[in-house]
Amino acid sequence: MTDRGERRFHQLVIAGGFCLALMIAWALAAPWVVTLIVLVLAAGSISPAWSLTRRFHRYFVAPLYPDGPTEDPTSFLRADGLLSVIAFAGAVFVVAGVPPLGWTLVGLATLNLLMDGFADAAPIRRLLDRALPPSEIQE
């Protein structure tokens, strides 16, 4: 079980990084910014303990607020893993010379993270939960 505030902080910081990359899409460094952010997102999807944003929240933000509600992180971790693949594919398309498709994929990942962070209404997470409910996963 993990803290809901920690998960939301993680998603919103990652989405903010993707928004930054979208704002500087004209720069040559923008796909590399996406790639670095994808590494943070992918590491956090493997284990919440590996996420830099979650650690920052635990050590600096969480002591300022009382403990919030907890939740099962399984479906969110799977969605983060899929979103990291989608955003990385977008960065690859931008580097390969197909920027409209690449930035569209990064934008979709950003939108999904924002929807999940603000309203718990991410379409990709809902589709993954429907295809493979968290209770069926063996740990």
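All of these numbers come straight from a predicted model, not from anything done at the bench.
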**Asked** Does some side-chain heavy atom of Ser75 sit less than 4.5 Å from a side-chain heavy atom of Leu128?
**Response** no
**Item:** Criterion side chain to side chain contact (heavy atoms under 4.5 Å, CB included) on Gln11 and Phe76, from CA distance to verdict
**Value:** CA-CA 10 Å; Gln11 288 175 327; Phe76 299 103; 4.1 Å; yes
**Asked** With a 4.5 Å limit on heavy-atom distance, are the side chains of Trp103 and Phe93 in contact?
**Response** no
**Request:** Give a yes or no on whether a salt bridge exists between Asp129 and Arg78, defined as a side-chain N under 4.0 angstrom from a carboxylate O.
**Result:** yes
**Minimum heavy-atom distance between Ala87 and Val106, given as atom pair plus value** = O-CG2, 3.9 Å
**Message:** Between Asp120 and Arg8 (salt bridge meaning N to carboxylate O under 4.0 Å), is one present in this structure?
**Reply:** yes
**Nearest-0.5 Å distance that lies between atom CG in Leu36 and atom CG in Leu41** = 12.5 Å
**Prompt:** Between Thr70 and Arg4, is a side chain to side chain contact (heavy atoms under 4.5 Å, CB included) present by the stated rule, with each step listed?
**Reply:** CA-CA 6 Å; Thr70 60; Arg4 180 178 294 161; over 6 Å; no
**Heavy-atom pair of closest approach, residues Cys19 and Thr110** = SG-CG2, 3.5 Å
**Prompt:** What's the spacing between Leu105 CG and Leu83 CG if we round to 0.5 Å?
**Reply:** 11.0 Å
**Request:** Treating Ile, Leu, Val, Met, Phe, Trp and Tyr as nodes and any side-chain heavy-atom pair under 4.5 angstrom as an edge, say whether Val33 and Leu113 lie in one connected cluster.
**Result:** yes
**Asked** Side chain of Ser84, backbone of Gly81: donor and acceptor closer than 3.5 Å?
**Response** yes
**Complete:** Here the gap from Leu20 atom CG to Ile37 atom CD1, rounded to the nearest 0.5 Å, amounts to 6.5 Å
**Asked** Do the rings of Phe56 and Phe9 sit parallel, tilted or perpendicular, given the 30° and 60° boundaries?
**Response** parallel
**Linked, directly or transitively: Val38 and Leu108 (ILVMFWY side chains, under 4.5 Å)** = no
**Asked** Any sub-3.5 Å donor-acceptor pair from Arg58's side-chain atoms to Pro63's backbone N or O?
**Response** no
**Item:** Path from Tyr59 to Val13 over hydrophobic side-chain contacts below 4.5 Å
**Value:** yes
**Request:** Return the minimal non-hydrogen interatomic distance between Leu77 and Gly44, and the atom names on each side.
**Result:** CD2-O, 3.3 Å
**Message:** Between Arg55 (side chain only) and Trp50 (backbone N and O only), is there a donor and an acceptor less than 3.5 Å apart?
**Reply:** no
**Asked** Rounded to the nearest 0.5 Å, how far apart are CD of Glu71 and CZ of Arg7?
**Response** 4.0 Å
**Message:** Would a single hydrophobic cluster contain both Leu28 and Trp32, if residues Ile, Leu, Val, Met, Phe, Trp and Tyr are joined by side-chain heavy-atom contacts under 4.5 Å?
**Reply:** no
**Request:** State, to 0.1 Å, how close Asn112 and Ala122 come at their nearest heavy-atom pair, and which atoms those are.
**Result:** OD1-CB, 2.8 Å
**Request:** Any chance you could lay out the side chain to side chain contact (heavy atoms under 4.5 Å, CB included) test for Ile86 and Ile124, step after step, and finish with the verdict?
**Result:** CA-CA 11 Å; Ile86 290 170; Ile124 292 205; 3.7 Å; yes
**Item:** OG1 on Thr53 to NE2 on His57, rounded to 0.5 Å
**Value:** 9.5 Å
**Request:** To the nearest 0.5 Å, tell me how far Asp80 CG sits from Ser51 OG.
**Result:** 8.5 Å
**Message:** If hydrophobic clusters are built from ILVMFWY residues whose side chains come within less than 4.5 Å, do Val92 and Leu22 share one?
**Reply:** yes
**Prompt:** Which atom names give the shortest non-hydrogen contact between Ala21 and Val34, and what distance separates them?
**Reply:** CB-CG2, 3.4 Å
**Request:** Kindly indicate whether the side chain of Val98, heavy atoms from C-beta on, has any atom under 4.5 Å from the side chain of Leu101.
**Result:** yes
